[in-house]
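A short write-up of the structure that comes next.
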Amino acid sequence: MIRESTTNLNITTELSIAGIQKQFGSFTALRDISLNVQKGEFVCLLGPSGCGKTTLLRIIAGLETADSGTIVQTGCDITKASAAERDYGIVFQSYALFPNLSVAQNIAYGLKGRAQDKARRVTELLTLIGLPAIADKYPAQLSGGQQQRVALARALATSPNLLLLDEPLSALDAQVREHLRTEIKALQQKLGVTTIMVTHDQEEALTMADRIVVMNHGVIEQIGTPTEIYQHPASRFVADFVGHCNWLTAHAVSEHRVRLGESELEISHSTRLKPGHECELFIRPEDIQLLPNWRAGEQLALGKLLHMELIGCVYRLRLSVALWAGVELEVVISHRELAQLRLGDGQLIPVYLPPDKLRCFMPERAA
Ligand SMILES: Nc1ncnc2c1ncn2[C@@H]1O[C@H](COP(=O)(O)OP(=O)(O)OP(=O)(O)O)[C@@H](O)[C@H]1O
């Protein structure tokens, strides 16, 4: 269970969620969820399908009720407030624009006041989303990306203090998605609007969020900045879900040393293990170093190249290392590194595991 400290709850806190629980019949969708979101922060709820992220977003929006727990927005308890009474704008996965209304009418839908004020606000928002000339178009005349930008403008029309995004990019093709995520992030920063976005796409979360909340089976596994989540995953689940990794079964020799096959390896972080305990060593593919020449020293062994493939701007290699109990490693290297190594199939190549990049987890069954 992860519970955020409430001592840092102060005027910069936009949203404070405490002890949220949600059952659907006998199924527990959310278990004791606690989270503080600061004003202006961009928080991503990240996790696999069915982990409860949409249910949590819907509870924040008042579209679903929690069985227990509280939600406080800028000091006001809104746990029991209806969706209409809450202060937020929302964008869903499907464009959800009214097809029979023009773009201008869609954006102005929630606005109150005089017609000319509404028209001015619509123009302002269309400029903000970079589509000043589409006011009279209808949703069917727009691309998916344009429709999502209009949905964003509609969600921002009333200047809400909280923006909720439910997988807003997942229906779009890869190129548009990448472009739009940069735009949404830039807009969010420009407006300073506190934002909570649901996504199952780790790349989206890593590139857009100030903090990521990783969820699994209705609980929060870890809350942290993208760098913390990627470099210091708190659990095996987080390590596996965010990015690629290698797992090597080893045995503790002391707090900072483990035995892997014929070798002993040093680990900078404390393993918190007693001698003889089995552990799972974790290292990211890009943190493994391949050396052009053999040199004597610790953390080194010869790896045999099994396979190599180009994946965009980098190469992914598979190597087996006899000295380390025949373990197979995935390694990612740049074009420049590859050119220096001059590799061929079956070639032996020195592999180095930096002590500060190795982390140690208890095996799942023993944890
Ligand atoms: N109204 C409901 N009645 C019964 N079960 C529900 C209901 N809404 C959600 N669930 C269940 O609760 C769990 C969490 O659902 P939720 O939609 O929050 O997951 P999610 O992480 O957003 O997944 P996805 O990315 O697939 O939408 C799922 O197992 C889902 O089947």
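Every number for a ligand or one of its atoms is a count from 1 in the order of the listing. Quick note: residue numbers are just sequence positions, from 1.
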Inset, instruction - Mind running side-chain contact (heavy atoms from CB on, under 4.5 Å) on Leu260 and Val321 for me, showing each step along the way? - result: CA-CA 11 Å; Leu260 177 63; Val321 186; over 6 Å; no

Legend entry - Mode of Met215 contact toward ligand 1 - side chain, backbone, both, neither (heavy atoms, under 4.0 Å): neither

Legend entry - Atoms of ligand 1, numbered as shown, that sit under 4.0 Å from any heavy atom of Thr55: 14 (C), 15 (O), 16 (P), 18 (O)

Legend entry - Full working for side-chain contact (heavy atoms from CB on, under 4.5 Å) between Leu248 and Leu329: CA-CA 9 Å; Leu248 326 172; Leu329 296 175; 3.4 Å; yes

Legend entry - Closest approach of any protein heavy atom to atom 26 (O) of ligand 1, naming residue and atom: Ser49 OG, 2.6 Å

Inset, instruction - Verify side-chain contact (heavy atoms from CB on, under 4.5 Å) between Arg154 and Leu97, making sure each step is shown before the conclusion. - result: CA-CA 9 Å; Arg154 188 175 65 179; Leu97 296 176; 4.0 Å; yes

Inset, instruction - Please answer whether the main-chain N or O of Thr194 pairs with a side-chain N or O of Lys39 as donor and acceptor at a distance below 3.5 Å. - result: no

Inset, instruction - Please confirm whether Glu167 comes under 4.0 Å of ligand 1, counting heavy atoms of the residue only. - result: yes

Legend entry - Contact summary for Glu330 and Ile288, nearest pair of heavy atoms: O-CD1, 3.8 Å

Inset, instruction - Mark up the atoms of ligand 1 that fall under 4.0 Å of a heavy atom belonging to Pro48, in ascending order. - result: 21 (O)

Legend entry - Short side-chain to backbone donor-acceptor contact, Arg31 and Val219, under 3.5 Å: no

Legend entry - Protein contact of atom 23 (O) of ligand 1 - nearest heavy atom, named by residue and atom, plus distance: Gly50 N, 2.7 Å

Inset, instruction - May I ask you to check if ligand 1 and Glu64 share an N or O to N or O distance below 3.5 Å? - result: no

Legend entry - Which residue and heavy atom of the protein sit nearest atom 17 (O) of ligand 1, plus the separation: Thr54 CB, 3.7 Å

Legend entry - Stepwise side-chain contact (heavy atoms from CB on, under 4.5 Å) check, Val150 with Ile134: CA-CA 10 Å; Val150 173; Ile134 63 160; 3.8 Å; yes

Inset, instruction - Flag Gly52 as yes when one of its N or O atoms lies below 3.5 Å from any N or O atom of ligand 1, and as no otherwise. - result: yes

Inset, instruction - Considering only non-hydrogen protein atoms, determine which one is nearest to atom 6 (C) of ligand 1 and report residue, atom name and distance to 0.1 Å. - result: Phe24 CD1, 3.3 Å

Inset, instruction - Output yes when the distance from some N or O of ligand 1 to some N or O of Ala29 is under 3.5 Å, and no in every other case. - result: no

Legend entry - Minimum non-hydrogen distance to atom 25 (O) of ligand 1, winning option of Arg58, Lys22, His200, Lys53: Lys53

Legend entry - Within-shell test, Gly218 vs ligand 1, heavy atom, strictly < 4.0 Å: no

Legend entry - Donor-acceptor contact below 3.5 Å, side chain Arg181 vs main chain Met208: no

Legend entry - Protein non-hydrogen atom found under 4.0 Å from atom 30 (C) of ligand 1: no

Legend entry - Spacing of Ile17 atom CD1 and Ile33 atom CD1 [to the nearest 0.5 Å]: 8.5 Å

Inset, instruction - Go through the side-chain N and O atoms of Thr79 and Asp77 and say whether any donor and acceptor fall under 3.5 Å apart. - result: yes

Inset, instruction - Ignoring angles and geometry beyond distance, decide whether Phe27 reaches within less than 3.5 Å of ligand 1 through its nitrogen or oxygen atoms. - result: no

